[in-house]
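Here it is, the structure in full.
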Number of protein chains: 2
Amino acid sequence: MSLSDPAPLKPFIDKLTARSRLGAVEQQAMLALPAHAVQVQPNHDFVRLGEQVHHACFIVAGLVGRIGLNRDGFRQITAVHIPTDMVDLHSVVVPKASSALQALSVVTILRVPHVALREMTRLHPAIAEAFWRECVVDAAVLAEWVVNVGRRDARGRLAHLICEIAYRIEGAGHSVGLFVPFPVTQGQMADMVGLTPVHVNRMLKRLRDDEVVDVRSGTIRILDWTRLLDVADFDPAYLHLPETDGAPADETEADRPIRPALSS
Amino acid sequence: MSLSDPAPLKPFIDKLTARSRLGAVEQQAMLALPAHAVQVQPNHDFVRLGEQVHHACFIVAGLVGRIGLNRDGFRQITAVHIPTDMVDLHSVVVPKASSALQALSVVTILRVPHVALREMTRLHPAIAEAFWRECVVDAAVLAEWVVNVGRRDARGRLAHLICEIAYRIEGAGHSVGLFVPFPVTQGQMADMVGLTPVHVNRMLKRLRDDEVVDVRSGTIRILDWTRLLDVADFDPAYLHLPETDGAPADETEADRPIRPALSS
DNA sequence: CGCCTTCTTGAAGGATCTCAAGAAGGGTGG
DNA sequence: CCACCCTTCTTGAGATCCTTCAAGAAGGCG
């Protein structure tokens, strides 16, 4: 292990065990995984399109975007990854990168060799299944992004993105009350929702003027959670978060002013 | 086996072995899988949103859409599945449906019980890995759809959709020369690319008038493959088809009037 | 302090949507 | 085999949302 932290992958194990049943043996095996810490500067592609990948990347800090590119140079971010996410677990079974991975802020990643991961999944089928499940959940999020970009207007798209990020950051334990850290520029947000930076700016202003959310200087400040969920047309079920899986309908009840999990 | 066909899942095995190495033992196990044939009428949801699923569905004939819904009633099709696709392999590890599955035409599916699939993946880790890989490829297609809907204009979106369908149908061996069967209405195509049916109609007319593709009465007729690829800004690498994986760049060479695999 | 990126706002243009109405197509029953 | 119905296709005209172009303000970093 090349880190001072004795168990850098512990957060990843916690995330996996929230959705998959893993015994002590499996958890031990994962803790023993070799990992190499790397820091990546903003806007740097640490995985390039078409490249053959030999490591999976776990995010310790910062935000990562999965980048789709147009011939005309238009960018589309197809997925955002936050700390505790294993960004390209899919590369374990499909090592050729079908999209680039780019740091959206200063990012610390842990590179875990495929050989070690493959040896581990060979010895522990339960881990293989857990990895498969994580990939399926990521795909469910992708499907929701298609809906978001395809069938919501600009304001709804941004509100939906904000809701998703708020839920996920909160789930990772990184939000403070109604303040959610989200250090991206308006241009990057534009690339997430398929709009221009100028229009993102206008819509964020409108959401702020309407006292729904205040997105500024790298943090989301939720002003009216109920109305935000309404504007976003948001149902967190697709995220398959442990808390929301049981009663997704209750989460959007209109008579609850603030989402409990997000209040301090 | 409830079918007269002695090996109804054979096409699925062929598709899997194109991307994953499976031995004779694994293939035998898959052939022995129980399957129950069902016919579904167009526009019928055979899997509903939020439902607990106990079978995975293999398409024998017809087209299936994965449906995302808006509160305002707007539909977005997030994925299209063609014969030889296992539509919801993901349900094996995440049985709660995060989107509905709807027949887009008259569809014949084979329902394979999860219990049988899970028992098989338990006994044959190589099959589990192959299933995981299929899910990852499906996710790569989803990511490309986000790019398509987010960063291409109406004409490009339709052209891209048509290219993808042409490649996939051709890969399944269902196209005849430059004619590709695609029995969907313009309204359904609109739901795939996030447009209105009216605008789909106009853009298809334009593609036809420009002698690029002729999409009519349930079939795609490719008039100028090179220009279609150009208009679509299409690179088939993301489909991870066996033929194209080796030399994806060659596929779009401008001096080739017709894609070889699609000519009769 | 100065530079560079990002944010902000305005005005005009364009792509897509909405509304509407007629034509064409496919299936069904007389 | 024809008549009818219902869905889908087609086309037009006006409205709307988002983009483009532009320029100044604010913010972060050396």
Side-chain angles (χ1 to χ4, degrees), chain A residues 41-44 63 70 72-76 102-106 148-161 181-210 213-221 231, chain B residues 41-44 63 70 72-77 102-106 148-161 181-209 213-221 231:
Chain A
Q41 293 306 306
N43 301 318
H44 181 249
L63 294 174
N70 219 350
D72 307 331
F74 288 119
R75 280 161 49 105
Q76 173 70 43
Q102 183 173 92
L104 301 179
S105 59
V106 177
N148 199 37
V149 176
R151 288 295 184 209
R152 265 188 272 270
D153 64 10
R155 177 160 146 273
R157 275 185 226 182
L158 280 166
H160 197 277
L161 173 69
F182 189 46
V184 296
T185 66
Q186 292 178 357
Q188 287 168 328
M189 292 188 75
D191 288 338
M192 296 174 196
V193 291
L195 295 169
T196 56
V198 173
H199 205 59
V200 166
N201 182 283
R202 286 190 230 273
M203 292 301 107
L204 287 182
K205 173 173 167 51
R206 202 166 124 199
L207 287 169
R208 195 182 314 127
D209 291 347
D210 292 349
V213 251
D214 186 1
V215 181
R216 212 180 341 186
S217 59
T219 77
I220 295 166
R221 182 178 164 214
V231 170
Chain B
Q41 292 307 305
N43 301 317
H44 181 248
L63 294 174
N70 219 353
D72 308 331
F74 287 119
R75 280 161 50 104
Q76 173 70 44
I77 297 178
Q102 184 173 94
L104 301 179
S105 60
V106 176
N148 199 37
V149 176
R151 289 296 183 208
R152 266 189 271 270
D153 64 10
R155 178 160 144 273
R157 274 185 226 181
L158 280 166
H160 196 278
L161 173 70
F182 190 45
V184 295
T185 66
Q186 294 179 355
Q188 288 168 328
M189 293 188 74
D191 288 338
M192 295 174 196
V193 291
L195 295 169
T196 56
V198 173
H199 205 59
V200 166
N201 181 284
R202 285 190 231 273
M203 293 300 108
L204 287 181
K205 173 173 167 52
R206 201 165 125 199
L207 287 169
R208 194 182 314 127
D209 291 348
V213 251
D214 187 1
V215 181
R216 212 179 342 184
S217 58
T219 77
I220 296 166
R221 183 179 165 212
V231 170

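So that the names make sense, note that chain A is the first sequence line, chain B the second, and so on, each numbered from 1.
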Q: Using atom NZ of A/Lys205 as one end and atom P of C/dT8 as the other, report the distance to the nearest whole Å.
A: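 Those two atoms, NZ and P, are 9 Å apart.
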Item to complete: For residues B/Gln102 and B/His44, determine if any side-chain heavy atom of one lies less than 4.5 Å from a side-chain heavy atom of the other.
Response: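 No; the side chains remain at least 4.5 Å from each other.
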Practice task
Step by step, work out the side-chain contact (heavy atoms from CB on, under 4.5 Å) result for B/Leu158 and B/His199.
Solution key: CA-CA 11 Å; B/Leu158 280 166; B/His199 205 59; over 6 Å; no
Practice prompt. Using the side-chain contact (heavy atoms from CB on, under 4.5 Å) rule, pick out the option among B/Val184, B/Leu204, B/Leu207, B/Leu161 that qualifies with B/Val215.
Written response: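 Result: among B/Val184, B/Leu204, B/Leu207, B/Leu161, B/Leu204 is the only option passing the side-chain contact (heavy atoms from CB on, under 4.5 Å) with B/Val215.
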- Query: Salt bridge or not for A/Asp214 and A/Arg216, using N-O below 4.0 Å?
  - Reply: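 A/Arg216 and A/Asp214: salt-bridged.
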Begin from the C-alpha positions of A/Val213 and A/Arg221 and carry the test side-chain contact (heavy atoms from CB on, under 4.5 Å) through to its verdict.
CA-CA 6 Å; A/Val213 251; A/Arg221 182 178 164 214; over 6 Å; no
- Distance, rounded to the nearest Å, where A/Leu158 contributes CG and C/dC7 contributes P: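 Answer to the nearest Å: 13 Å.
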- Task: Let me know the distance between CG of B/Asn201 and P of C/dA20, rounded to the nearest Å.
- Result: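 Taking CG of B/Asn201 and P of C/dA20, I get 19 Å after rounding.
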Please enumerate all protein N or O atoms sitting under 3.5 Å from an N or O of nucleotides 16-23 of chain D, with distances to 0.1 Å.
residue, atom, partner, partner atom, Å
D/dC18, OP1, A/Ala154, N, 2.8
D/dC18, OP2, A/His199, NE2, 3.3
D/dC18, O5', A/His199, NE2, 3.4
D/dT19, OP1, A/Thr196, N, 3.3
D/dT19, OP2, A/Thr196, N, 3.3
D/dT19, OP2, A/Thr196, OG1, 2.9
D/dT20, O4, A/Arg202, NH2, 3.2

Quiz prompt | Nearest-Å distance for atom pair CG/P, residues A/Leu204 and C/dT8 | solution =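 After rounding, the reported distance stands at 8 Å.
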Please determine whether a side-chain nitrogen or oxygen atom of B/Gln186 lies at a distance below 4.0 Å from atom OP1 or OP2 of D/dT7.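 For B/Gln186, the contact criterion (side-chain N or O under 4.0 Å from OP1 or OP2 of D/dT7) is not met.
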Note to self: Looking at A/Gly73, is its backbone amide N or carbonyl O close enough to the side chain of A/Asn70 to form a donor-acceptor pair, meaning the two atoms are under 3.5 Å apart?
What the structure shows: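 Judged by distance alone, no pair lies under 3.5 Å.
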- Message: Can you measure A/Leu207 atom CG to C/dC7 atom P for me and round it to whole angstrom units?
- Response: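 Going from A/Leu207 (CG) to C/dC7 (P), I get 15 Å.
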